[in-house]
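Just below is one structure, and these are the notes that go with it.
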Amino acid sequence: MSAVAAADAARIARERFGIDARATALPGELDLNFALDGPGGRHVLKLYAPGTEERSLDLQDAALEHLAGLAVVPRLVRTVDGAARTEADNRPVRVLTWLTGTPWAHEKAHTPATLASLGRTVALVDRALAGFEHSALTGRRRWNMTAAGDLLADADGDAAAVLDRFTADVLPRLRALPQQAIHNDANEHNVLVSAGGEVCGLIDFGDLCQAPRVCGLAVACAYAMALLPVPERQVLPLVAGYHAVAPLAPEELALLPDLIRTRLAMSVAMAVRQRREQPDNAYLLISQQSVPALLRRLGRVPRELEGLRLRAACGYEAVPHARAVRGFLQTTQAGPVCNPPLHEAPLLDWSAGAPGADQMPATLPAIGRYLEDRLLYDSDAFVTELPGERRTLHLGVDVFLDAGEPILAPLDGVVRDSAHRPARRDFGGVVLLDHETAAGVPFHTLYGHLTAELPARGTRIARGSVIGHVGGPEENGGWAPHLHLQLLSTHLGAGCGVDGVGTLAERDLWESVNPDPNLLLGLPGGVRAKPPRATADVLTARRSLLSRTLSISYAEPLRIVRGAGAHLYDEHGTAYLDLVNNVCHVGHAHPRVVRAAADQMARLNTNTRYLHDLIVTYARRLTATLPDPLSVVFLVNSGSEANDLALRLARAHTGARDVLVLDHAYHGNLASLIEISPYKFAGPGGSGRPEHVHVCALPRVAADAADVRRLAEDSAPAAFIAESLPSVAGQFVLPPGYLEAAYTHARAAGAVCIADEVQVGFGRVGSAFWGFELGGVVPDIVTLGKPIGNGHPIGAVVTTPAIARSFENGMEYFNTFGGNPVSCAAALAVLDVIADERLQANAARVGARMLDGLRGLARRHQLIGDVRGAGLFIGVELTDQGGDPATAAAAAVIERARRDRVLLSTDGPHRNVLKIKPPMVVGDADAERFLEVLDAALGHYRP
Ligand code: PMP
């Protein structure tokens with residue numbers, strides 16, 4: 001095999017591929033690989049073993065061509081004659097581009113983020129290979145898992161058992177899964193990691209084959225797990241990462257634990273075979289220590305639990321049938337678990353573990369509802385906690401009763417297991433019962449801390465009969481006498497050795513395995529503690545449970561738990577000055593608004609089909625802020641709903657359909673509004689301008705209203721809609737005279753004029769209550785949202801009596817939540833606070849101070865291209881030396897300000913405009929702080 005020297009490799013590269021480079025030998029399994037370093041960068045020269053199957057090489061060539069667009073895969077470099085490969089010294093030869101990165105095997109630590117990126121990379125390649133066809137794909141291939149049974153002859157012990165099970169139980173189910181071409185060899189030498197810890201390459205397509213795609217994922221998992229201390233848990237981000245790019249079906253996840261074991265067993269058996277065939281090849285020994293060890297460890301992990309973990313990691317409920325169990329129990333009257341009535345028992349919240357006998361609760365019975373803050377159960381040698389973790393999540397409920405109190409079966413059941421383990425930190429006497437739902441779905445109940453007198457396995461226990469008796473401290477590890485009651489949707493094969501506590505990080509898993517025990521007790525106050533989720537858990541759960549089209553601010557997301565005035569507070573109590581939230585208009589959690597809404601919520605919340613004075617009181621108060629003839633109000637739930645209704649009103653009134661909008665505008669998330677929002681339809685994922693929509697240029701001067709005239713004359717539109725101060729388009733104040741001219745042209749063509757005041761209304765602009773007042777116009781329809789309820793979801797449309805009449809065509813307008821008394825109470829309180837706290841005047845004064853300070857900064861920082869705004873509606877446009885949008889600078893400034901605890905955001909088509917639209921209660925000191933932080937952030941920025 002070593003017949004080819006580096007000098008030969010260099011010659012082949014030069015003569016056949018036109019690459020003048022120094023060659024260095026690389027390790028390899030069967031083939032000879034050389035790194036080529038030359039002026040054209042780095043390449044790899046691969047010399048295949050003489051006699052390597054042509055079909056197999058053709059297959060690889062075709063696959064690499066197919067994947068040429070993927071950055072994570074090497075590209076094929078053709079020969080001087082334009083061929084995919086050539087032959088030298090009797091060996092097929094090919095040159096590939098070199099991917100920079102460290103092999104996975106050489107990385108010291110594999111973080112969850114790195115693992116997730118491995119999953120995403122494998123999924124990306126699988127996705128790209130999904131349509132790939134080749135005649136050589138279907139042939140039997142060495143590492144194809146569907147042929148794992150062939151290796152049985154070389155396997156013994158653990159590996160043989162796994163391969164046996166594979167052939168008997170797994171393969172038939174595997175064959176039912178969709179197949180495609182897969183890379184099939186994401187082992188620790190074929191995966192490259194960038195300096196930043198992201199997987200950046202997947203190499204070696206020699207094991208490419210046609211198989212269920214989950215087999216390829218199993219390969220990646222198996223090799224990654226071999227290098228992880230708690231593999232069955234630490235592998236989860238890898239699978240979740242794959243699922244994020246190429247969603248996995250439950251049937252695929254169900255087989256993954258078996259397939260991982262199968263791949264490990266294949267590896268062990270293959271090593272035996274290869275050592276026999278090639279006793280001298282050192283490469284073959286690689287990974288042969290960790291693989292059998294992992295296989296042994298996995299033998300101790302319940303395969304079912306592993307499957308449940310994988311489901312939970314991908315956002316599926318862990319136990320598929322848990323829903324049926326909960327559904328059954330919610331409609332079933334279980335009997336009492338003890339004679340003393342628990343409905344009168346106090347709920348005791350502990351933040352520490354269960355009390356000892358010396359801390360017995362004063363009143364019995366009592367319900368212990370708590371998070372353990374210490375490890376209740378010492379782990380044995382088999383550690384399932386990650387470093388720094390403790391099992392603090394109580395999976396059952398503790399019912400404190402006198403020692404000797406009989407415990408009754410709440411449902412008919414059969415004893416699956418019973419045992420007495422009096423040791424400290426154990427359950428004492430414990431009984432596990434089997435039950436089933438009316439539809440035959442099995443579930444279980446567990447009773448711990450009983451005396452040693454227990455029913456034997458297989459005993460039938462009728463509902464209401466005695467299971468056992470509460471044990472005293474002496475037979476119960478020293479604890480105060482109590483029953484530990486736990487409900488299980490699956491017993492995981494452990495008999496009575498059930499876990500009574502779990503880690504908070506796996507809360508979703510454990511809450512599925514252990515449904516809320518109050519499904520049996522039915523106590524009105526609930527018995528389950530509701531611990532906060534760890535921040536990392538919130539992030540991962542969000543990724544799988546929510547649509548990833550929801551974005552999160554900042555490179556390091558903020559976890560905000562409280563707000564007051566113009567400040568937000570994270571989970572550590574750190575205060576952030578909030579300069580972007582124009583929803584909590586009169587200040588976060590304003591006590592007057594909170595009280596108004598809470599009081600009304602405590603009294604009544606209904607729809608508008610009953611008479612209620614709040615809706616008319618609010619309508620009157622709202623129209624009192626608006627000029628004639630804007631006097632008819634519709635209450636809705638959001639700015640989007642308001643704009644959608646405004647379009648309906650305009651169309652009903654004019655009989656026309658077309659709409660004129662300003663460029664870059666956004667008017668809401670409904671289908672009707674994406675259609676009229678250039679920011680969306682012309683942006684990423686947008687499907688372009690619909691025919692009935694006409695986009696007017698964002699004006700620089702009043703004369704630009706000519707665009708409105710031209711488009712209005714051509715299209716005879718139903719409406720001209722514009723924000724009175726364009727915000728999403730980049731925080732603009734419209735040029736004086738523009739709105740007046742635009743409205744005149746639109747009306748001349750028969751259109752009605754809609755002012756979108758969702759962002760800018762309610763005194764924000766300082767010198768007026770409404771933005772349109774700055775333009776000297778009176779719209780025909782005004783739409784309101786965001787600030788109107790200080791965070792409570794409400795929106796409004798206000799229009800003229802004439803337009804309102806046109807809408808009355810016999811069809812009822814009904815909106816379940818719109819105009820409900822709670823929303824009205826909140827909105828009314830907002831108007832009161834704006835008036836009583838003189839917030840409009842505050843916006844004018846503090847806004848002017850900010851604008852002034854910003855203009856001062858603009859003189860010192862070349863990055864500031866423009867400062868504009870009115871009141872507390874301000875835009876700071878960042879531009880580079882050539883006057884082009886400084887998008888990266890804007891992003892950097894925002895991140896830097898966040899570190900200094902000032903929250904800003906960007907807007908505009910190039911996201912280079914800092915937007916400032918804080919709650920109306922910001923003060924002078926806040927303004928100064930903002931200016932200082934921005935000054936520092938701008939000064940710190942280096943392109
Ligand atoms: N109009 C404008 C100008 C907006 O900025 C928004 C929201 N950003 C909306 C309408 C839609 O409001 P909502 O998200 O409450 O539906």
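When a ligand or atom number is given, it counts from 1 through the structure's own listing order.
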Revision key, fill the gap. The protein heavy atom nearest to atom 5 (O) of ligand 1 is Q759 NE2, 2.7 Å
Review point. Between H694 and V659, is any pair of side-chain heavy atoms under 4.5 Å apart?
Key: no
Review point. Are F762 and F769 close enough that some pair of their side-chain heavy atoms sits under 4.5 Å apart?
Key: yes
Listing, residues 718-736 side-chain donor-acceptor contacts under 3.5 Å, not counting sequence neighbours, or none:
unit_1: E723; atom_1: OE1; unit_2: S727; atom_2: N; d: 3.0
unit_1: E723; atom_1: OE1; unit_2: S727; atom_2: OG; d: 3.0
unit_1: E723; atom_1: OE2; unit_2: S727; atom_2: OG; d: 2.6
unit_1: S724; atom_1: OG; unit_2: E757; atom_2: OE2; d: 2.6
unit_1: S724; atom_1: OG; unit_2: F772; atom_2: N; d: 3.4
unit_1: Q731; atom_1: NE2; unit_2: I874; atom_2: O; d: 3.0

**Study point:** Residue E723 vicinity, atoms of ligand 1 by number, heavy atom under 4.0 Å
**Key:** 3 (C)
Review point. Among protein heavy atoms, which sits nearest to atom 1 (N) of ligand 1, and what does the distance come to when rounded to 0.1 Å?
Key: D756 OD2, 2.7 Å
Check your understanding: Which residue holds the protein heavy atom closest to atom 9 (C) of ligand 1, what is that atom called, and what is the gap in Å?
Key -> V758 CG1, 3.8 Å
Study note, to complete from the structure: closest protein heavy atom to atom 8 (N) of ligand 1 is K786 NZ, 3.0 Å
Point to revise | Protein residue, atom and distance nearest to atom 6 (C) of ligand 1, heavy-atom basis | key: Y666 CE2, 3.7 Å
Practice item. Using a 4.0 Å heavy-atom threshold (strictly under), name the region of N643 that reaches ligand 1: side chain, backbone, both or neither. Key: side chain
Exercise for review: Ignoring hydrogens and angles, state whether a donor on the side chain of Y738 or D704 is under 3.5 Å from an acceptor on the partner side chain.
Suggested key: no
Review point. Any idea which protein heavy atom is nearest atom 15 (O) of ligand 1, and the distance to it?
Key: G639 N, 3.1 Å
Review point. Which atoms of ligand 1 have any heavy atom of G668 under 4.0 Å away?
Key: 11 (C)
Point to revise | Nearest heavy atoms of A796 and L635, plus distance in Å | key: CB-CD2, 3.8 Å
Point to revise | Numbered atoms and elements of ligand 1 in range of S640, under 4.0 angstrom, heavy atoms | key: 11 (C), 12 (O), 13 (P), 16 (O)
Practice item. Run through T623, T625, V778 and flag the one making a side-chain contact (heavy atoms from CB on, under 4.5 Å) with L630. Key: V778
Practice item. Just jot down the side chain to side chain donor-acceptor pair (under 3.5 Å) partners of R805, sequence neighbours excluded, or say none. Key: E808
